[in-house]
Structures are given as C-alpha cells and as structure tokens.
**Student:** 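Below is a structure I'd like to ask you about.
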Amino acid sequence: MLSGKHILIGVSGGIAAYKCPELVRRLKQQGADVRVIMTDAAKTFITPLSLQAVSGNPVSNSLLDPNAEAAMGHIELAKWADFILLAPATADLIARLAIGMANDLLTAICLATSAPIAIAPAMNQQMYRAQSTQHNLHRLSSYNWLIWGPDYGEQACGDVGPGRMMSPEELSNKLVNYFSYPGDLEGVNLLLTAGPTVEAIDPVRFISNHSSGKMGFAIAQVAASRGASVTLISGPVNLPTPEKVRRINVTTALEMHDTVMQYADKVDIFVACAAVSDYRVANIADEKLKKHDKHMTIELIRNPDIVADVAAMSTYRPFVVGFAAETQNVKEYALEKLNKKNLDMICANDVSQPGRGFNSDMNALNLFWRSGELTLALSDKFSLSQTLLDKIIECYNEKNRR
Ligand code: C5P
C-alpha cells in the first residue's frame, strides 16, 4: 500500500520511542522506503543502530555533521520525504515546531519541507492537557498539520489519561489510509451545509450563531479529495473554498433552505453541518432602529428545519446526517434529534469542553445511528473528517443493501 513512498519518521525523546522499531517495520512491510531522524533526547531512549537496522537506512541526527550533510543534506532530506511522521512527538518538540524553530535537524527539516506532516503526541497526561501544549497543537493544526492521537490510557509514569502515543499499528494504518484515499468516493454526490445563517434585524444588526464553518469545510475538502462530487452551501464565513468543491453562498436560513431543496433530490448524501438560526425577525426594519426605550421587543418567527425537511422528502430521500452541538446530556439530546428529525446519523459534539467545536481547528464527535454508535477522539478536523466519512459511507452502503 505504501510502495515507493518516502516516509521520514522523526523521533523525539519520549518513552514511547521504544515503539518506533515496530512502526518502522510495519511501514517497510507496506513497501515504504523509511528514513529516521532522531533528536538528541531520543537517543537516550533508543539507539540509532536499532532504527538503522530496521529501516535499512542510516539514521540522521545532527544538523552540523559535515559527513551526514555530504551524504544527504538536510534540504535534500526535506525534499526526499513524501510524508513526515513525528512519533513520538514530545511537548518540547511540539512547542519548538509551533514557533518555527530550527535548532536541530528534525525541526529544520520540518521547516524546509513541503511534505505533509503528522504529529503523534506522546507525553504525560498533565503535560498534554497543559494550556501551552494545547495552544501549540491548535496552532500547528491551523497550519494543516495532522494530529494523530494521543490515545487515552495508563501511562509509563502511572498516570491515567490522554497522552499515550497511538500504537504502531494505528499509525501505519493512518498512513496507508492517507495515501490510498484519493478516488474511493468517486461517483458519490455529497451535499453539505456549513457555517452560520445570519438574520437581519435592521440594516446594521443581525441574529446569528457561533460557527466558523471549519468542520463543514473540512468534510467538503476531504470528500472532494477522495473523489466525491461536493456541493457546499455556506453561510457567511471567512474560509477559502476547498479545491474541486462547488460552493454556493447564502445568508439567511430561508435562502439556505431553498438552495438545499434545489439540490437534495440529486445527491446521495446530505450532511447538515450549518448552525442555522432557529428564528428570523418578523419585520426587518428598513432603517437603523433607534434606542429610545429601556426595553425593546423583537418578534421572531420560526425558521424551517432544513435537515428535517430533507429527511421528510417522500419520493426520493438522500442519506441524511445531522450535527448536534450540545452543552449537556449529549447522548440523550443527540438520540432525541436523530429520532425527531428522522435522520440516518447524528454527529454530536460537546461544545462545553474547551478547545473543541466552535471556531476551533480540533474536534471530537460522538456518532449515533439506528444500530450503533462510535466515539471519534479529539483530533484535527481533517483527520476527523476522514474517519467520519468512512463511517457515513459504511452506513450509507449498508442502508442501500437492505
Ligand atoms: O435542532 P438543532 O438546531 O440542534 O439541530 C442541529 C442539526 O439540525 C444540525 O445538523 C443543523 O444543521 C440542522 N438544522 C437545520 N435547520 C434548522 C436548524 C437546525 O438544518 N433550522
């Protein structure tokens, strides 16, 4: 699956470094050409000789070693890589990368490469939860770096929590998936809504919802890169249109509803990611309202429920996926929505948790469908979209087989 791919593994100084020979072995088994760079700290956990033996290539370490530079300079190595996987990535490595330092070979190569980079964090749970580490991961994720893991569980220090490096098996599966995705959604027509809707009160004021549109745009981008034909109906957001995605901009819930209804009978799957305003203003003022009285009342009218209207289509109905942003009783409310709106799947996120959901580059989801549920752990919205699309397609195919 990875035949001919040049994979550069960056190993930093964490106890999880002992899993690296297994990771390298698995990647080699898939046909990859693997090279390893180690930080100085990594060498205290595992020897370069072990990684040289399993990779079949010399292990690089020093930025200033004339012999190594003569054999394969750091810029050459940065260009050689089709993909860089940092595993384990310690809090220190992540911090240095987040501010663009290049004070050793590994960080210099990460700056000098145009290859995609994935980070597999591995550290003590408290270090992982630390605000600065979270901030650094979000920053790297906003540069489109992939964040794989960490896993939750018992740690080398005896603590229990998030911070275990993803297993070599999971990491090599992620790499295989990364390279094998393009094309697998060819022939699938996907319609998405994303972002907020905006309902005018007067020419300068409006009612809206928090929503950056990042989750919907990430799903659209990933689906299009895998070959799906994607139509994205977006409320006002500040995001570029992903490549190969047809984007239609709308402002109000009524506009979004009308546009969705024009396309819904021509698609296989509808994913409603938008944060639609539940109400609109009954009488939008033509002129800016003046503040005379201490209290004012605005009459609101219920907007149509777009996702429920698509799910209620009678002659033809696509596979319908909704989202539920909740602050409490996530499962209970999500299941209630799944049933009430007659959806095929609902993706619930707990927006009361810091560092996920609204405006964030990271998210975690709890998926519920008629016969099952699945938790997708906190990760960047692109990696999350890959796994989410896998599950949507699986349930869609299963439903069509019935
Ligand atoms: O009921 P609630 O707004 O929490 O439901 C969220 C789900 O319903 C999301 O998928 C959202 O896009 C969709 N929705 C909609 N039209 C509305 C309200 C919500 O499509 N008017």
Side-chain angles (χ1 to χ4, degrees), residues 190-200 206-220 223 230-237 247-265 267 269-282 300-313 317-352 356-359 363 365-370 376 381 384-385 388-389 391-392 395-396:
L190 183 70
L191 178 67
L192 282 141
T193 61
T197 65
V198 170
E199 314 293 335
F206 60 82
I207 300 173
S208 190
N209 286 321
H210 284 300
S211 172
S212 62
K214 285 177 182 169
M215 190 69 232
F217 274 59
I219 299 172
V230 181
T231 304
L232 174 63
I233 300 172
S234 175
V237 293
R247 171 176 178 177
I248 302 167
N249 287 329
V250 295
T251 305
T252 65
L254 284 181
E255 282 169 16
M256 187 174 272
H257 182 267
D258 290 352
T259 318
V260 165
M261 288 306 174
Q262 279 170 35
Y263 287 90
D265 60 353
V267 298
I269 299 168
F270 173 54
V271 181
C273 252
V276 184
S277 305
D278 291 320
Y279 292 89
R280 66 181 181 279
V281 176
L300 300 175
I301 323 176
R302 222 16 223 276
N303 271 325
D305 192 312
I306 303 169
V307 77
D309 283 357
V310 173
M313 283 165 58
R317 174 192 181 281
F319 186 86
V320 182
V321 181
F323 270 71
E326 303 293 349
T327 53
Q328 55 176 329
N329 304 337
V330 177
K331 181 170 180 177
E332 188 189 328
Y333 288 147
L335 287 175
E336 204 178 290
K337 264 174 214 171
L338 182 79
N339 289 322
K340 211 166 107 200
K341 301 194 186 203
N342 189 30
L343 309 179
D344 296 297
M345 183 185 278
I346 191 143
C347 316
N349 52 353
D350 183 348
V351 290
S352 66
R356 56 180 71 178
F358 301 140
N359 290 319
N363 204 4
L365 290 173
N366 293 300
L367 312 187
F368 302 95
W369 59 99
R370 299 284 153 186
L376 306 184
K381 286 182 175 172
L384 196 68
S385 300
L388 172 60
L389 278 165
K391 199 68 219 175
I392 292 176
C395 291
Y396 164 74

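Counting convention: from 1, in listed order, for ligands and their atoms alike. Given the structure is predicted, the values throughout are model-derived calculations rather than measurements.
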**Student:** Does any pair with a residue in residues 317-330 pass salt bridge (Lys or Arg N to Asp or Glu O under 4.0 Å), and if so which ones, sequence neighbours excluded?
**Tutor:** Arg317-Asp344, Glu326-Lys337

**Student:** Does any pair with a residue in residues 254-265 pass side-chain hydrogen bond (donor to acceptor under 3.5 Å, both in side chains), and if so which ones, sequence neighbours excluded?
**Tutor:**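 Non-adjacent pairs meeting side-chain hydrogen bond (donor to acceptor under 3.5 Å, both in side chains): His257-Asp309.
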
**Student:** Residues two or more places apart in sequence or in another chain: which of them pass salt bridge (charged side-chain N to carboxylate O under 4.0 Å, His left out) with Lys331?
**Tutor:**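 Checked Lys331 against salt bridge (charged side-chain N to carboxylate O under 4.0 Å, His left out); matches are Glu373.
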
**Student:** Do other residues, nucleotides or ligands put more than 12 heavy atoms under 6.0 Å from Phe319 CZ?
**Tutor:** yes

**Student:** Quick check for you: to the nearest 0.5 Å, what is the distance between Ile219 atom CD1 and Leu190 atom CG?
**Tutor:**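 With rounding to 0.5 Å, CD1 (Ile219) is 8.0 Å from CG (Leu190).
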
**Student:** Between Thr197 and Ser277, is there a side-chain donor-acceptor contact under 3.5 Å, judged purely by atom types and distance?
**Tutor:**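 Judged by distance alone, the side chains do pair up.
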
**Student:** Find all protein N or O atoms under 3.5 angstrom from an N or O atom of ligand 1 and list the pairs with distances, or write 'none'.
**Tutor:**
unit_1   : atom_1 : unit_2 : atom_2 : d
ligand 1 : 1 (O)  : Lys341 : NZ     : 2.9
ligand 1 : 4 (O)  : Lys337 : NZ     : 2.5
ligand 1 : 5 (O)  : Lys341 : NZ     : 2.9
ligand 1 : 8 (O)  : Lys341 : NZ     : 3.1
ligand 1 : 10 (O) : Ala272 : O      : 2.6
ligand 1 : 10 (O) : Phe323 : N      : 2.8
ligand 1 : 10 (O) : Phe323 : O      : 3.3
ligand 1 : 12 (O) : Ala272 : O      : 3.3
ligand 1 : 12 (O) : Ala274 : O      : 2.6
ligand 1 : 16 (N) : Ile306 : N      : 2.9
ligand 1 : 20 (O) : Ile306 : N      : 3.4
ligand 1 : 20 (O) : Val307 : N      : 2.9
ligand 1 : 21 (N) : Pro304 : O      : 2.9

